[in-house]
Undergrad: 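Right, I'll just put the structure down here and ask away after.
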Amino acid sequence: MKMDRTRKNCSSCGARIVYQLMFVKGAVISVLFAFSLAFMAPAVFAQQQTAVELTHPVYQIIETAELRGVLSRLSAVKPYTRAQVVDMLATIQAHMDAFSPAEREIIAGFVREFASPYAGSPVWTSRDGKAAVGGNIEAHLRAEPVQLVQAASSASGAGGSGTGASGALPEDLWQLTSRATPYLAGQVLPWLSIKGEMGFTYDKIEKGLYLPYEFSKECDAGHIDFSVERYTGDPYMNGYGNGSGKKIIYPMFSYDIREDIAAASDSGSVLVRLSRFRRDWGIGLGSFSLSGTARPFVGLDTEFRPSEYFAISGTLGSLTNWQKGGSESSTDTANAISWQKMLGLQRLELFPTKWLTIAATGTMIGAKRFELGYMSPLLFNVMYQNQLADVDNLGVQVDGSVQVPNIGKFYASVYADEMEVTNLSQLFTKARNMFALQGGAKVPVPGLPFSTLTFQYTKIEPFVYAHYPTWYPDYRIRVDTSYTQDGENLGYYLPPNSDEFLLKFETMPAPEWRVAAQYSFVRHGDNPEYSVGDHVIFGDVTKWLVYSPDHLYMDKNFLHDGLYDYNHIVKLNAYWRPANPPELFGAKIPMELGVGYGLSYTWYDDTYYTPKNAATWQKPAAALKNILELDVKLFL
């Protein structure tokens, strides 16, 4: 939520550094304290407490089991740990009569996979099984096949370089993203698991080869090569070949870092982790408070489950934006912005019955500092913030779901960034009412193994997630407090002033295979030629609402207050993960191969858009995209 006043800078950079050091020290102390509590539990060698990545297919098994009533009262805070997944698979095995023979075979395969404390097939494992060394290798290739063939044919006929129908050159019509990350993992103590990854990416990024609103960075720094011009050719910094600097026609290097240090009590009712990976805190496909599409961040996570009837979760995360970090050394204190901020989340989930879940999540974005209240999952940010002069960006999410076994799961979610509810008739018409709505249903599809069909509608009002840079007493420049990490939404992937109709079908037609088909219709509005302070409605997370009466109460009118893009988007994906992987030098190489096809058609409506210069304005042309994807993953 936002305030309607600003604060002045009143301290030095030195104080800021002290607070940051205190923040880190406090986080470390909290982790060690929690570990000490867990250490008091009986010393029983436990399963790995490290996280199972959100993209792992076992989540599809868990969701289907929930739809059939085999699993209930599941927390929406993910990723789950390997130990939690093992417990869920054990429950599923105890109710095999709820699954078909083909599904039982698939379940048995996952039980075998999770019998090992480590993912994949580590290169080295200690004799006692408490330590392992391995690595993950991934490669993702994208291409625009139709235009690529056209460009190649044009080049062949002209005896030189050719272009596709859109005028793109062949080197603009393919991209490669890849990563090789060695890891160290271990069960340090019966209650403490660790896993650290540090590797490199080798990428050639073409942002135009993503479907509308699909793009997300997969590396943790700018790209370089070994040429003299290596600092001018970063595709992230120069518009992916369309900005200043060297044109990118070949892959370049970056790096990728992840970690997971997790401790759990013997019963699993307490979990504390210091980790960096993607998280998801939602009951639908994507969450308003923390979505699986959000960039990874270092976070101190706590989960308490003392009873089957409720769960309490919290995270305190360190956020930044490495693309814009250079501005933080600016001497222009009036205009420079710091991207050193932190995220605080608390979520309370109630499970009064096996079929009903009610939850509330508090969100906070503020400057990095040592603040004990934000480290506690029991202090709701929105209330606690009133004791801190109301300087941070706060929000509240309330959601709930109803589970009808073998019929489906029905859910709804409301996120309030800021609302003025004195007049309900103005809820959808006044700019100050910044909120988001989501509702959906997930139902099992009979006849195919582990098949589900999801329908979901999402609506995000203008200015949601956006927030003006804020003055803090211990910072010499303003701090960006938008709800973002690395310049991307922490919540739902769509920008403000958007809505989406989504239909998704998922199935496992045979052991080792997964297939998904998705259709979405997205509408989004903006006033792209205008700047912050102009009296218009924005649909951009970097353009916030100015807090003056003529802006706070200006009218919004979805589909009729700017330039709108309309997007039909279709995605088809198939994945093969062999149960008996191939061998190399006598060692098995667990792997996954994937193929995907994406089709989108985008057109624009400027009927209600007032350009700044009508004489030169040109409505963007409609665009058709055909995207082919090939994926390879090795789990070593």
Side-chain angles (χ1 to χ4, degrees), residues 1-2 4 212-213 286 288 393 395 413-439 456-468 482-484 488-489 491-502 520-569 600-623:
M1 290 184 179
K2 307 172 180 69
D4 53 359
Y213 306 110
F288 291 135
N393 178 13
S413 179
V414 178
Y415 178 78
D417 197 338
E418 175 164 338
M419 297 177 67
E420 185 174 275
V421 293
T422 56
N423 190 340
L424 291 178
S425 65
Q426 297 180 344
L427 192 62
F428 290 94
T429 62
K430 294 305 176 185
R432 186 165 191 171
N433 290 318
M434 309 171 207
F435 61 95
L437 305 171
Q438 185 181 86
Q456 180 174 284
Y457 176 74
T458 304
K459 177 73 169 69
I460 304 177
E461 291 292 300
F463 303 106
V464 172
Y465 298 139
H467 194 277
Y468 57 83
S482 63
Y483 203 72
T484 60
E488 299 179 19
N489 281 358
Y492 205 69
Y493 79 102
L494 289 178
N497 203 25
S498 301
D499 77 343
E500 176 189 49
F501 298 86
L502 184 148
S520 57
F521 179 51
V522 176
R523 301 177 293 184
H524 166 248
D526 194 12
N527 285 273
E529 295 181 296
Y530 291 82
S531 304
V532 172
D534 291 332
H535 198 270
V536 295
I537 297 296
F538 290 120
D540 187 330
V541 73
T542 65
K543 295 181 179 180
W544 57 88
L545 180 65
V546 173
Y547 278 67
S548 64
D550 58 327
H551 287 87
L552 289 172
Y553 301 103
M554 62 182 175
D555 291 331
K556 58 180 179 179
N557 186 3
F558 190 58
L559 304 181
H560 301 90
D561 52 19
L563 174 68
Y564 276 79
D565 55 87
Y566 295 73
N567 306 268
H568 289 290
I569 306 169
S600 69
Y601 179 69
T602 302
W603 77 97
Y604 298 84
D605 180 8
D606 64 352
T607 304
Y608 301 96
Y609 178 61
T610 304
K612 277 195 168 183
N613 190 338
T616 60
W617 166 252
Q618 289 186 340
K619 181 174 70 173

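In this chain, residues are counted from 1 in sequence order. Note that the coordinates shown come from a computational prediction; the quantities given were computed from them, not determined experimentally. Reckoned from all heavy atoms, side chains included, excluding hydrogens, waters and symmetry mates.
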Undergrad: Using modelled atom types and a 3.5 Å cut-off, is there a donor and acceptor pairing between side-chain atoms of Asn497 and backbone atoms of Gly525?
TA: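 Present.
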Undergrad: Checking Tyr483 now: which residues fulfil side chain to side chain donor-acceptor pair (under 3.5 Å) with it, not counting sequence neighbours?
TA: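 Side chain to side chain donor-acceptor pair (under 3.5 Å) check on Tyr483 returns nothing, list empty.
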Undergrad: Considering only heavy atoms from C-beta outward, does the side chain of Ile569 approach that of Glu500 to under 4.5 Å?
TA: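 They are not in side-chain contact.
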Undergrad: So, for Ser498 and His524, which heavy atoms are closest and what is the spacing to 0.1 Å?
TA: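 Looks like OG-CD2, 3.1 Å.
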Undergrad: Please round to the nearest 0.5 Å and tell me the distance separating atom CD of Glu420 and atom CD of Gln426.
TA: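 One gets 8.0 Å once the value is rounded to the nearest 0.5 Å.
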Undergrad: Would you give the length of the straight line joining atom OG1 of Thr602 to atom OH of Tyr213, rounded to the nearest 0.5 angstrom?
TA: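 Going from the OG1 atom of Thr602 to the OH atom of Tyr213 covers 7.5 Å.
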Undergrad: About how many Å separate OH of Tyr492 and CD1 of Ile460, when rounded to the nearest 0.5 Å?
TA: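 Ile460 CD1 to Tyr492 OH: 7.5 Å, rounded to 0.5 Å.
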Undergrad: I would like to know whether Phe428 and Phe558 meet side chain to side chain contact (heavy atoms under 4.5 Å, CB included); could you show each step before the answer?
TA: CA-CA 8 Å; Phe428 290 94; Phe558 190 58; over 6 Å; no
Undergrad: Are the side chain of Asp540 and the backbone of Pro495 linked by a donor-acceptor contact shorter than 3.5 Å?
TA: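 No, Asp540 side chain to Pro495 backbone: no donor-acceptor pair under 3.5 Å.
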Undergrad: Does the pair Glu461 and Lys556 meet the rule for a side chain to side chain contact (heavy atoms under 4.5 Å, CB included), with working shown?
TA: CA-CA 9 Å; Glu461 291 292 300; Lys556 58 180 179 179; 2.6 Å; yes
Undergrad: Please enumerate all residues that pass side chain to side chain donor-acceptor pair (under 3.5 Å) together with Asn433, with sequence neighbours excluded.
TA: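 Not a single residue meets the side chain to side chain donor-acceptor pair (under 3.5 Å) criterion with Asn433.
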Undergrad: So, do Trp603 and Asp605 sit near enough that their side-chain heavy atoms are less than 4.5 Å apart?
TA: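 With C-beta onward as the side chain, the pair stays apart.
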Undergrad: Please list, chain by chain and in numerical order, all residues satisfying side-chain contact (heavy atoms from CB on, under 4.5 Å) with Ser413, sequence neighbours excluded.
TA: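 Counting only residues at least two positions away or on another chain, Ser413 forms a side-chain contact (heavy atoms from CB on, under 4.5 Å) with Phe288, Gln397, Asp399, Gln438.
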Undergrad: Given side chains that start at C-beta, do those of Phe521 and Tyr566 come closer than 4.5 Å, heavy atoms only?
TA: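 They are in side-chain contact.
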Undergrad: Hey, are the side chains of Trp544 and Val532 touching, using non-hydrogen atoms and a 4.5 Å cut-off?
TA: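 With C-beta onward as the side chain, the pair touches.
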Undergrad: Passes side chain to side chain contact (heavy atoms under 4.5 Å, CB included), Tyr564 versus Thr607? Steps please.
TA: CA-CA 9 Å; Tyr564 276 79; Thr607 304; over 6 Å; no
Undergrad: With the side chain counted from C-beta on, respond yes when Asp561 and Tyr608 share a heavy-atom pair under 4.5 Å apart, and no when they do not.
TA: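 With C-beta onward as the side chain, the pair stays apart.
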Undergrad: Under the rule for side chain to side chain donor-acceptor pair (under 3.5 Å), what residues qualify as partners of Asp499, not counting sequence neighbours?
TA: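 Testing Asp499 for side chain to side chain donor-acceptor pair (under 3.5 Å), a comparison that skips the adjacent residues, returns Tyr457, Arg523.
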Undergrad: Which atom pair, heavy atoms only, marks the closest approach of Gly491 to Tyr465?
TA: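 Scanning both residues completely, I find the closest heavy atoms to be CA-OH, 3.6 Å.
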Undergrad: Side-chain donor-acceptor pair under 3.5 Å between Asn567 and Asp565, yes or no?
TA: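 Looking only at side-chain atoms, Asp565 and Asn567 do form a donor-acceptor pair, the distance falling under 3.5 Å.
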Undergrad: Please report the closest heavy-atom contact between Lys430 and Asp555, naming both atoms and the distance.
TA: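 That closest heavy-atom pairing would be NZ-OD1, 2.6 Å.
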Undergrad: Determine yes or no for a side-chain-to-main-chain donor-acceptor pair under 3.5 angstrom, with Asn527 supplying the side chain and Ile537 the backbone.
TA: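 Confirmed, Asn527 side chain pairs with Ile537 backbone.
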Undergrad: Where do Val536 and Phe463 come nearest, in terms of heavy atoms and distance?
TA: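 Minimum heavy-atom contact is O-CZ, 3.9 Å.
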Undergrad: Within the structure provided, determine whether Glu488 and Val541 are in side-chain contact (heavy-atom separation under 4.5 Å).
TA: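 Glu488 vs Val541: side chains apart.
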Undergrad: Are any of the side-chain heavy atoms of Asn489 and Thr484 separated by less than 4.5 Å?
TA: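 The answer is yes; the side chains approach within 4.5 Å.
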Undergrad: Apply the test side chain to side chain contact (heavy atoms under 4.5 Å, CB included) to residues Tyr604 and Leu563: give CA-CA distance (whole Å), side-chain angles for both, the deciding distance (0.1 Å), then the verdict.
TA: CA-CA 7 Å; Tyr604 298 84; Leu563 174 68; 4.3 Å; yes
Undergrad: Using the side-chain hydrogen bond (donor to acceptor under 3.5 Å, both in side chains) rule, collect all pairs that involve residues 528-538, keeping only residues at least two apart or in two chains.
TA: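 side-chain hydrogen bond (donor to acceptor under 3.5 Å, both in side chains) check on residues 528-538 returns Glu529-Tyr609.
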Undergrad: If the condition is side chain to side chain donor-acceptor pair (under 3.5 Å), which residues does Ser548 pass it with, not counting sequence neighbours?
TA: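 Only Asp550, His551 meet the side chain to side chain donor-acceptor pair (under 3.5 Å) criterion with Ser548.
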